[in-house]
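The block underneath contains the structure these notes are about, expressed in structure tokens.
All figures in this text were calculated on a predicted structure; none of them were measured in a lab.
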Protein chains: 2
Amino acid sequence: MPRAQREEQILRIAEEVFAERGFQATTMEDIAERVGVTKPLIYEYFGSKEGLLSACITRARTQLRVATEAAWQGVGAEAPLEVVFRAGVRAFFEFIEEHANAFVLIQQEGAVASQASPLIESIREQQSAATMATFRKAPALAEVPDRLLEGYVEVIIGACERVAVWRTRRPGVSTQEATDIVVSTVWAGLDALLPG
Amino acid sequence: MPRAQREEQILRIAEEVFAERGFQATTMEDIAERVGVTKPLIYEYFGSKEGLLSACITRARTQLRVATEAAWQGVGAEAPLEVVFRAGVRAFFEFIEEHANAFVLIQQEGAVASQASPLIESIREQQSAATMATFRKAPALAEVPDRLLEGYVEVIIGACERVAVWRTRRPGVSTQEATDIVVSTVWAGLDALLPG
DNA sequence: GGCGTCAACTTACCATCAGTAAGTTCGGTC
DNA sequence: GACCGAACTTACTGATGGTAAGTTGACGCC
């Protein structure tokens with residue numbers, strides 16, 4: 001099997017196994033066996049156990065970024081800020097629903113590995129930065145100082161993550177409802193920043 | 001040295017070492033050496049490496065609970081909801097500032113260990129439950145359905161955590177400012193729930 | 001004052017698993 | 001049909017989590 005294809009397969013399976021058993025409890029041979037190869041091949045491709053986890057996380061990060069960008073694209077650049085904001089939040093909850101594995105992985109493996117922790121943090125930073133960029137484009141928010149806006153964006157990122165976790169314990173809550181909770185809580189505060 | 005005292009010493013040092021190097025990179029002998037005993041004694045007292053981490057986290061959870069309760073106590077039960085709310089948020093940021101070690105530990109070791117992840121989650125749940133209980137006492141929120149209120153509480157917990165992390169990258173932000181960001185963002189949404 | 005006993009602690013060991021060195025196989029290319 | 005490089009394996013090492021079997025010493029008790 002060509003390398004690129006094998007790597008993709010390993011990543012898919014590793015994400016699954018890590019999510020099931022946790023990083024620590026998973027051995028490289030567990031994964032190798034399930035893929036149908038032997039350990040050294042995985043070391044050849046990913047360097048170490050942490051390297052493999054890192055690759056899984058990086059993959060998830062890219063997928064989330066693509067999904068978020070698509071959502072904003074879909075709503076159009078000239079839509080009112082609230083609509084853009086809502087589209088991004090909604091895309092997040094839909095992404096989580098579709099990639100439950102990746103979410104469990106990230107949720108559970110906050111940082112077994114010294115490398116993983118910053119990487120997971122980098123997912124949040126990616127989302128913060130993207131949200132900042134979107135807000136910065138809105139003329140209504142032009143006057144708001146950077147630092148304050150950054151703080152608000154952090155509130156949003158934290159709120160989304162926590163509500164997503166809460167949803168896993170409350171399966172009745174739809175993505176729509178989750179979106180509404182975040183938007184309605186935070187929007188009023190954000191709205192107060194707008195002139196008038 | 002009597003057991004209770006030795007256990008406390010081990011916990012203090014373990015929290016330090018775990019926070020410094022990360023859970024995985026820390027060996028039981030690192031800790032034993034720094035304490036001035038040998039490995040098996042720590043196993044005798046805490047059962048396993050995960051058991052030791054769990055004990056560290058549980059300790060931090062208790063400390064946070066005590067700090068939060070003290071803050072609410074201090075403000076009085078009849079204070080307006082916003083005042084009580086603000087006191088809790090502020091206590092959180094002050095706690096984080098005083099217990100940077102514990103916060104790094106929890107932040108970094110989201111879940112090396114299968115046992116640790118639910119325990120860290122239980123800290124958030126402890127804070128959610130306490131906040132829920134406080135809100136439920138407020139007559140103004142009596143009409144709000146449980147599930148919606150739960151969602152709002154999750155937003156608050158997530159916002160606090162994320163802003164706390166953000167602060168570690170932005171050392172200029174005071175606890176007062178962090179409190180203001182969370183309260184001003186979320187309060188407007190919460191206020192909208194109040195009748196009138 | 002010796003004797004038992006229990007808590008605090010150590011020495012010496014095992015088992016597992018991350019990581020590696022040295023191949024082997026095989027498909028394509030000249 | 002000899003060469004070469006990519007994909008892959010066998011067989012090993014070393015570190016470290018965890019444990020079994022002591023040792024030491026303080027304290028109570030007759």
Side-chain angles (χ1 to χ4, degrees), chain A residues 1-58 105 108-117 119, chain B residues 1-58 105 108-117 119:
Chain A
M1 189 179 295
R3 177 164 180 157
Q5 194 180 338
R6 184 64 89 190
E7 280 182 347
E8 178 59 26
Q9 183 198 17
I10 293 171
L11 285 177
R12 225 185 36 242
I13 290 176
E15 185 180 297
E16 223 175 272
V17 181
F18 283 147
E20 264 171 35
R21 307 192 198 174
F23 178 76
Q24 185 148 297
T26 301
T27 71
M28 291 300 260
E29 273 182 2
D30 286 342
I31 296 170
E33 200 183 341
R34 208 132 129 189
V35 172
V37 296
T38 53
K39 232 176 18 160
L41 184 69
I42 303 185
Y43 278 96
E44 174 71 22
Y45 288 174
F46 298 97
S48 67
K49 194 182 179 186
E50 284 201 11
L52 179 57
L53 178 61
S54 297
C56 289
I57 294 169
T58 302
L105 176 69
Q108 294 235 334
E109 305 314 321
V112 152
S114 42
Q115 281 174 31
S117 184
L119 258 178
Chain B
M1 189 179 294
R3 177 164 181 158
Q5 194 179 339
R6 184 65 89 189
E7 279 182 348
E8 179 60 25
Q9 183 197 18
I10 293 172
L11 285 177
R12 224 184 39 242
I13 290 176
E15 185 181 295
E16 223 174 271
V17 181
F18 283 147
E20 261 171 38
R21 307 193 197 173
F23 178 77
Q24 185 147 298
T26 302
T27 72
M28 290 300 260
E29 274 183 2
D30 286 342
I31 297 170
E33 199 183 341
R34 207 131 130 191
V35 172
V37 296
T38 53
K39 231 177 17 162
L41 185 69
I42 302 185
Y43 277 96
E44 174 72 21
Y45 288 173
F46 297 97
S48 66
K49 194 182 179 186
E50 284 202 10
L52 179 57
L53 178 61
S54 297
C56 288
I57 295 170
T58 303
L105 176 69
Q108 293 235 334
E109 304 316 320
V112 151
S114 42
Q115 281 173 33
S117 183
L119 257 178

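Computed from coordinates, the A:Gln24 CD to D:dT16 C1' distance equals 12 Å when rounded to whole Å. Atom CD in A:Glu7 sits about 12 Å away from atom C1' in D:dA7, given to the nearest Å. A:Arg21 places its CZ atom 14 Å from the C1' atom of C:dC17, with the value rounded to the nearest Å. One interatomic measurement links the two molecules: OH of B:Tyr43 to C1' of C:dC14, which rounds to 13 Å at whole-angstrom precision. Spacing between atom CG of B:Asp30 and atom C1' of D:dG17 amounts to 13 Å, rounded to whole angstrom units. As rounded to whole Å, 15 Å separates atom P of C:dA8 from atom CD1 of B:Ile42. When rounded to the nearest whole Å, the span between NZ of B:Lys49 and C1' of C:dT16 equals 14 Å. Rounded to whole Å, the distance from CE on B:Met28 to P on C:dC14 is 21 Å.
Qualifying side-chain hydrogen bond (donor to acceptor under 3.5 Å, both in side chains) partners for A:Ser54, counting only residues two or more places apart in sequence or in other chains: A:Gln115. Not counting sequence neighbours, B:Thr58 has no partner by the side-chain hydrogen bond (donor to acceptor under 3.5 Å, both in side chains) test. With sequence neighbours left out, B:Glu20 forms a salt bridge (Lys or Arg N to Asp or Glu O under 4.0 Å) with B:Arg34. Checked against salt bridge (Lys or Arg N to Asp or Glu O under 4.0 Å), B:Glu7 has the following partners two or more places apart in sequence or in another chain: B:Arg3. The side-chain hydrogen bond (donor to acceptor under 3.5 Å, both in side chains) search around B:Glu29 returns none, not counting sequence neighbours.
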Decide side-chain hydrogen bond (donor to acceptor under 3.5 Å, both in side chains) for A:Arg12 and A:Gln9; before the verdict, give the C-alpha distance in whole Å, the side-chain angles of both, and the deciding distance to 0.1 Å.
CA-CA 5 Å; A:Arg12 225 185 36 242; A:Gln9 183 198 17; over 6 Å; no
Report each atom pair, protein N/O against N/O of nucleotides 9-13 of chain C, whose distance is under 3.5 angstrom.
residue : atom : partner : partner atom : Å
C:dC9   : OP1  : B:Met1  : N            : 3.4
C:dC9   : OP1  : B:Arg6  : NH2          : 2.8
C:dC9   : OP2  : B:Arg6  : NE           : 3.3
C:dT10  : OP2  : B:Thr38 : N            : 2.7
C:dT10  : OP2  : B:Thr38 : OG1          : 2.5

